[in-house]
Amino acid sequence: MRILTALALTAFVFPGFTLAAAPAAATANAASAVQFNAAFECASLGKIDKLSENEFRIHMLGQQDSRGRNRQATWFFFRMDNVAGRELTLHFTDFVGEYNGAPSRAPVSASYRPWFSEDNTHWDHVESLAWDAAKDEATFTLRPRGNTIWLAHVPPYPYTRLQHLLEEIGSSPLVRVEVIGRSAHGRDLNLVTINDLSVPDENKKVIFLIARQHPWETGTSIMAEGAMRFLLSDDPVAQQIRRDTIVKVMPMMNPDGVAEGAARFNVNGYDTNREWDLVDLRDKQWLTKMPEIWYVKTRVFAEQARQPIALLVNLHQDESNEYMDTMVDAEPGKTRIDQLFAILAEKSLFDPSRKRVTTIQESHGPTNTTLSLWTDAHVPTVMIERRVTAGLRTKRIYTFEDNQRFGEQLIATMAEVARDKKSQP
């Protein structure tokens, strides 16, 4: 499905899922002004400057933390109506914010590509744009065929999509879907366990996957969905994993941020991949401020006490880099994580910009993230960042199918290294 008449596109499709019905295509009425709409799930839209009837400067709304600092401008999602027959010129601006308490450069650059859809189901990215480095502003032209168009930083993956998925797979005898707690605004925090109950658990390895701590990183939800769908398939590798591995998946750790169009933090302004060191499970204030970390941390500790977790992967996305970070500095976790990197770099869509796993100790990175599960509970934990711009090897932007396929490759490799005798204590 094509919208633009002059730009080459790359399709991105959510198969079988429609978030909202699109108005029927129509011929634009010259007397009807273009309308902007952000009154729907996941939406985010800042100030709009109307430069002419068909030209607009769109500011990023962004999100700040609980202290009014660390503004993140890495998410937008909105709809434009009355656009049929128009040539729209859009300037996206106000990306500059703050990161780790210091002014940051724009998270995007000349390699940035916005995404758009005429039905909120099939998504395409702009092939080219003009980047003004002095203004940190992206400019591109659209020629919509229909009367409505949606635009997003990356294609959305809403909370409601996850709930439909959990309803679908939850009927399988191989799946247990639990609500392990609720977010600050009362949404379910779901944990999915995939396991072949016909085989005793005694000698099985446990692996854990966490996605969507940061709402804008929608591809991590796609990877988690790909992992779960693969594990429930008839693929012989998936069947073997179910027989010798217990798989735990946290597919969306920040559902409020996702549903309410946030960029990075929970609704109280806390980063669900930071401040893990603050969440003292003995102090109930954190159950109110950061329930997402509270419940996940509680469950990981309980799982580790019952049957040690062989490997935990925390999925993220970055604008232009792809890498693995860890705090694991001892065996057997170190060998497992090194093996994970090596196998994925050689045999999967993992396209690292760094040549090996980086330890936080050597990079002097933050020690208050989910990676601290290693120091707190001796859970071998690694963070994987996946870029959203074109890959070094692929030279193209990842599609839905690419991210879903990487989820399959990742979970299979996690199970492989967890079982490898070289990494056993």
Side-chain angles (χ1 to χ4, degrees), residues 14 17 19-20 37-46 60-78 97 120 152-167 177-192 209-225 249-276 278-279 281 283-300 314-317 368-370:
F14 285 137
F17 181 81
L19 200 158
N37 190 324
F40 50 88
E41 184 182 17
C42 304
S44 178
L45 176 63
M60 300 299 103
L61 180 62
Q63 184 191 22
Q64 294 172 303
D65 67 14
S66 59
R67 301 169 297 155
R69 299 291 302 274
N70 288 317
R71 177 178 180 267
Q72 300 290 298
T74 48
W75 178 246
F76 64 87
F77 179 33
F78 60 90
N120 207 8
H153 183 82
V154 286
Y157 189 109
Y159 176 72
T160 50
R161 177 185 170 91
L162 173 63
Q163 297 309 303
H164 288 306
L165 172 66
L166 297 181
E167 290 177 11
V177 178
E178 300 173 75
V179 177
I180 64 170
R182 287 190 167 80
S183 65
H185 279 180
R187 292 182 175 87
D188 291 349
L189 298 172
N190 298 113
L191 179 67
V192 179
L209 186 65
I210 297 177
R212 211 63 181 283
Q213 289 182 308
H214 296 146
W216 83 266
E217 297 166 8
T218 63
T220 67
S221 287
I222 302 168
M223 296 171 212
E225 177 174 326
V249 181
M250 189 84 198
M252 189 174 288
M253 190 171 156
N254 190 346
D256 290 346
V258 172
E260 298 177 34
R264 184 178 181 92
F265 310 108
N266 82 348
V267 293
N268 294 327
Y270 292 99
D271 188 332
T272 50
N273 186 45
R274 300 289 182 93
E275 301 165 304
W276 279 61
L278 285 180
V279 180
L281 298 178
D283 187 345
K284 66 180 182 181
Q285 69 167 308
W286 303 115
L287 182 57
T288 300
K289 293 178 178 178
M290 289 186 265
E292 299 86 2
I293 294 179
W294 173 286
Y295 285 116
V296 177
K297 191 173 183 179
T298 299
R299 186 54 179 264
V300 170
N314 178 23
L315 282 170
H316 287 270
Q317 286 189 288
N368 60 347
T369 70
T370 312

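Worth saying up front: this structure is predicted, and the values here are computed from it rather than measured.
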Discussion item. Within this structure, what is the NE2-OG distance for the pair His153 and Ser44, rounded to the nearest 0.5 Å?
Written reply: 11.5 Å
Discussion item. Can a donor-acceptor pair be found, under 3.5 Å and without considering hydrogens, that links the side chain of Thr74 to the backbone of Ala263?
Written reply: no
Discussion item. Treating Gln63 as the side-chain partner and Phe265 as the backbone partner, does any N or O pair qualify as donor plus acceptor under 3.5 Å?
Written reply: yes
Fill in: For the student: nearest non-hydrogen atoms of Ala262 and Pro215, plus distance
O-CB, 3.3 Å
Worksheet item: Less than 6.0 Å separating the ring centroids of Phe40 and Phe77?
Response: yes
Discussion item. Between Glu41 and Thr160, is there a side-chain heavy-atom distance shorter than 4.5 Å?
Written reply: yes
Worksheet item: If you look at every heavy atom in Trp294 and Asp283, which pair is closest and at what distance?
Response: CZ3-O, 3.2 Å
Response to the item:
To the nearest 0.5 Å, atom CE of Met250 lies from atom CG of Leu209 at 11.5 Å
Worksheet item: Would you say the side-chain atoms of Asp256 pair up with the backbone N or O of His185, donor to acceptor, closer than 3.5 Å?
Response: yes
Practice prompt. Flag the pair Leu166 / Val192 as yes when at least one side-chain heavy-atom distance between them is below 4.5 Å, and no otherwise.
Written response: yes
Worksheet item: How about Tyr157 and Leu165: do any of their side-chain heavy atoms sit closer than 4.5 Å?
Response: yes
Discussion item. Is a donor from one side chain sitting under 3.5 angstrom from an acceptor on the other, for Gln163 and Asn190?
Written reply: yes
Practice prompt. Grab the two heavy atoms, one from Ala211 and one from Ala224, that are nearest each other, plus how far apart they are.
Written response: CB-CB, 4.0 Å
Worksheet item: Is a side-chain N or O of Glu275 found less than 3.5 angstrom from the main chain of Asp271, in a donor-acceptor match?
Response: yes
Worksheet item: Looking at residues at least two apart in the chain, or sitting in another chain, which of them share a side-chain hydrogen bond (donor to acceptor under 3.5 Å, both in side chains) with Glu292?
Response: Asn266
Item to complete: Report the distance from atom NE2 of His214 to atom CG of Asn254, rounding to the nearest 0.5 Å.
Response: 8.0 Å
Response to the item:
In terms of heavy-atom contacts, Asn268 and Ser66 come closest through O-CB, 3.3 Å
Fill in: Spacing of CD1 belonging to Ile293 relative to OG1 belonging to Thr298, to within rounding of 0.5 Å
11.0 Å
Item to complete: Kindly say whether Arg274 contributes a backbone atom to a donor-acceptor pair with the side chain of Thr369 at under 3.5 angstrom?
Response: no
Practice prompt. Could I get the full list of salt bridge (charged side-chain N to carboxylate O under 4.0 Å, His left out) partners for Arg212, not counting sequence neighbours?
Written response: none
Worksheet item: Does some side-chain heavy atom of Gln213 sit less than 4.5 Å from a side-chain heavy atom of Asn314?
Response: yes
Worksheet item: Does any non-hydrogen side-chain atom of Asp188 lie less than 4.5 Å from one of Pro255?
Response: no
Worksheet item: Between the main-chain N or O of Arg71 and the side-chain N or O of Gln64, is there a donor-acceptor pair closer than 3.5 Å?
Response: no
Fill in: Over all atoms of both residues, closest heavy-atom pair of Met252 and Pro158
CE-O, 3.9 Å
Worksheet item: Just checking, is any N or O donor in the side chain of Thr370 or Asn273 under 3.5 Å from an acceptor N or O on the other one?
Response: yes
Practice prompt. Please name the pair of heavy atoms, one in Asn37 and one in Ala39, separated by the smallest distance, quoted to 0.1 Å.
Written response: OD1-N, 2.7 Å
Item to complete: State, with a plain yes or no, whether a side-chain heavy atom of Trp75 is found less than 4.5 Å away from one of Thr218.
Response: yes
Worksheet item: Between atom CZ of Arg187 and atom CG of Leu162, what is the distance when rounded to the nearest 0.5 Å?
Response: 12.0 Å
Worksheet item: Roughly how far, to the nearest 0.5 Å, is SG of Cys42 from CD of Glu260?
Response: 10.0 Å
Item to complete: Check step by step if side-chain contact (heavy atoms from CB on, under 4.5 Å) holds for Asn368 and Leu278.
Response: CA-CA 8 Å; Asn368 60 347; Leu278 285 180; over 6 Å; no
Discussion item. Please check: side-chain N/O of Lys297 versus main-chain N/O of Trp276, any donor-acceptor pairing under 3.5 Å?
Written reply: yes
Worksheet item: Are Arg182 and Val179 side-chain neighbours, meaning at least one heavy-atom pair lies under 4.5 Å?
Response: yes
Discussion item. Just to verify, what does Trp286 make a side-chain hydrogen bond (donor to acceptor under 3.5 Å, both in side chains) with, not counting sequence neighbours?
Written reply: none
Fill in: Short side-chain donor-acceptor distance under 3.5 Å, Thr220 and Gln317
no
